Protein chains: 2
Amino acid sequence: MSVIQGARERARTEVTAAIKEEARRQLASEGAARLSLRAVARELGMVSSALYRYFPSRDDLFTALIIDAYDAIGAAAEQALAASAGAAPADRWIAVCRAARDWAVDHPHEYALVYGSPVPGYGAPQDTVVPASRVGLALVAVVGDAQHDGVLGPPLGRPLAGPVRADAALLASELAPDLPVPTIAALVAAWAQVFGIVSFEVFGQFNRVVEARGPFFDQAAAALAAQVGLAPSGGPPADGQAGDGDRAGGEQRS
Amino acid sequence: MSVIQGARERARTEVTAAIKEEARRQLASEGAARLSLRAVARELGMVSSALYRYFPSRDDLFTALIIDAYDAIGAAAEQALAASAGAAPADRWIAVCRAARDWAVDHPHEYALVYGSPVPGYGAPQDTVVPASRVGLALVAVVGDAQHDGVLGPPLGRPLAGPVRADAALLASELAPDLPVPTIAALVAAWAQVFGIVSFEVFGQFNRVVEARGPFFDQAAAALAAQVGLAPSGGPPADGQAGDGDRAGGEQRS
DNA sequence: CCAACGAAGAGAGCAGTGCTCTTGCTTTTG
DNA sequence: CAAAAGCAAGAGCACTGCTCTCTTCGTTGG
């Protein structure tokens, strides 16, 4: 990671970046399955075989894009986390969820790459697990902060079944020893459920079902916040949501 | 739809079925992106071009498989709905959700086809919308029956924002005029959230996070039942869940 | 300063893909 | 029975991921 590089090394990182950029562009316009190495090379004015100097295979290019996507959506969530420091926990929860959702609707194909069907025979390598966890960890941080401030209530729902408790206890010991085990379990469920709503929106399942997707998402995120034990903020936010910046009627599928 | 068919017509439907069957087999073993018309034809002992007599394009084959998949998971849900008639609403809710989940983990690639990333430039045709709604309608039926029996409580969560209420009201008028609007909104959210958990499980996001996936799913489904206003069944189901038939430790990604 | 080394690009080529078009054959139908 | 329609086969086009060889050129050690 030296700042000073030889011309060669410099060129390499630049070309690598250009390849990823062009690949991302094609990803957005064609979708992952139609991403073509040759087309990327063509667009970059190089021959297809030259691309293999930078990525040993198409799957490796995918891996790079996947990591970037995880990092991007994770960064969005973390930024919302940081920006909302000091706010009511439920509102922070909604802000973090909303940041992830907004990134997803802005980058549907990259989102599909990471939260959609796993690519063919391709097993996600180990490098992806840390970036993949960033959004989840941001949610954990919201709840952890609430706990630290003494405003974390008990999660809703019936008592945990044995195996679920065991899983949650293991998780808790790894990433948030201070949080109650049932809270962790509720957190994991909420995490998956948030992405369920995002996926339905991005993948078109809400077409002709839900139009006001931004407000709908916020509504659901608020319910999930309550589910994990974050009390709703005092004031009734019931209506309005003005300046929401949401294009409700827009068709999603390209 | 005449029962009696000429030999030719009969052969046609048989070949069509054989193609879909073989395609499904390849789908299961290779994944959607690697499904190859030529390979299907090869396996069936015919030449690739002959396949185009039955499906005008690869996308049309996909469409057929998608409809079948929607119908299969929908049928599974409806069967659970019928089988649970008379049980406590919350338990019926869980049963229907669980049926959909079980089908999904048993047919991960078909599930990915319908609830994963939409295929490349392929816009789902209108034929898919009815089959696609079957699981959702089964969930609506559970809640509708509970309402009819007078055991439906109010949904949890804050009051609806204006646009959300409008969407939900429209939906309610279309498919369940008897249900309260907030219930419909909660139902739609719960519907998406159920599939969020299923997708995370099927797509491998729960690897090294949740191991007892069956019980975990039931836990979350129970919480969602409460969310839409279905009171938990009397007895404490807290532990046990024996004979669960869940292979907890199994690696998911092929 | 220059020679050796290694990284990078070019091009040909392989096996595979979706899809089209033409050519024959068989079944159905008027 | 002959015409029409349905169907399989084969050749072929343009494309894909990937490998191999060959040449060029920046970097670096003596």
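Chain naming here is simple, since letters A, B, ... match the order of the sequence lines and numbering starts at 1 in each. The model shown is predicted, which means the values in this text are computed figures rather than measured ones.
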Asker: Please state how far atom CZ in A:R42 lies from atom C1' in C:dG9, giving the value in whole angstrom units.
Answerer: 17 Å

Asker: Please find the earliest and latest nucleotides of DNA chain D, in the 5' to 3' direction, that have an atom within less than 4.0 Å of any heavy atom of chain B.
Answerer: D:dG6 to D:dG12

Asker: With a 4.0 Å heavy-atom cut-off, tell me which residues in residues 17-27 of chain A come close to DNA chain D, sorted by residue number.
Answerer: none

Asker: Judged by each residue's nearest nucleotide on DNA chain D, which is more toward the 5′ side, B:V15 or B:R38?
Answerer: B:V15

Asker: Classify the nucleic acid contact of B:L61 as base, sugar-phosphate or nothing, counting any heavy atom under 4.0 Å across all strands shown.
Answerer: nothing

Asker: I'd like to check A:R92 versus A:L81 (side-chain heavy atoms, cut-off strictly below 4.5 Å). Are they in contact?
Answerer: yes

Asker: Hey, does B:R58 reach any base, or is it just sugar-phosphate, or nothing, if we go heavy atoms under 4.0 Å?
Answerer: sugar-phosphate

Asker: With heavy-atom distances below 4.5 Å as the criterion, would you say the side chains of A:R12 and A:T16 are in contact?
Answerer: yes

Asker: Take the protein atom CD of A:E14 and the nucleotide atom C1' of C:dG9, then report the distance between them rounded to whole Å.
Answerer: 17 Å

Asker: The criterion is ring-ring contact (aromatic ring centres under 6.0 Å, His included); which residues satisfy it with A:F206, sequence neighbours excluded?
Answerer: A:F200, A:F216

Asker: Who are the side-chain contact (heavy atoms from CB on, under 4.5 Å) partners of B:A50, not counting sequence neighbours?
Answerer: B:M46, B:V47

Asker: List in numerical order all residues of residues 43-56 of chain B for which some heavy atom is under 4.0 Å away from an atom belonging to DNA chain C.
Answerer: B:S48, B:S49, B:Y52

Asker: Does A:R25 have any salt bridge (charged side-chain N to carboxylate O under 4.0 Å, His left out) partners at least two apart in sequence or in another chain, and if so, which?
Answerer: A:E22

Asker: Can you pull the side-chain hydrogen bond (donor to acceptor under 3.5 Å, both in side chains) pairs that have at least one residue in residues 40-57 of chain B, sequence neighbours excluded?
Answerer: B:S57-B:D60

Asker: Could you work out, with side-chain contact (heavy atoms from CB on, under 4.5 Å) as the rule, every residue matching A:A72, not counting sequence neighbours?
Answerer: A:W103

Asker: Can you check each nucleotide of nucleotides 25-30 of chain C against protein heavy atoms at under 4.0 Å and return B for base, S for sugar-phosphate only, - for none, in 5' to 3' order?
Answerer: -BBS--

Asker: Donor-acceptor pair, A:S199 side chain versus A:G196 backbone, under 3.5 Å?
Answerer: no

Asker: Distance check needed: C:dG6 C1' versus A:R12 CZ, whole Å only.
Answerer: 12 Å

Asker: Restricting to side-chain contact (heavy atoms from CB on, under 4.5 Å), what partner residues turn up for A:R134, sequence neighbours left out?
Answerer: A:D71, A:A75, A:E78

Asker: Which residue pairs pass the salt bridge (Lys or Arg N to Asp or Glu O under 4.0 Å) test with at least one member in residues 186-198 of chain B, sequence neighbours excluded?
Answerer: none

Asker: Can you name the residues that form a ring-ring contact (aromatic ring centres under 6.0 Å, His included) with B:Y111, not counting sequence neighbours?
Answerer: B:Y115, B:F203

Asker: Within the 4.5 Å heavy-atom criterion, are A:Y70 and A:V130 side-chain neighbours or not?
Answerer: no

Asker: Would you check if B:R213 and B:R101 make a side-chain contact, meaning some heavy-atom pair closer than 4.5 Å?
Answerer: yes

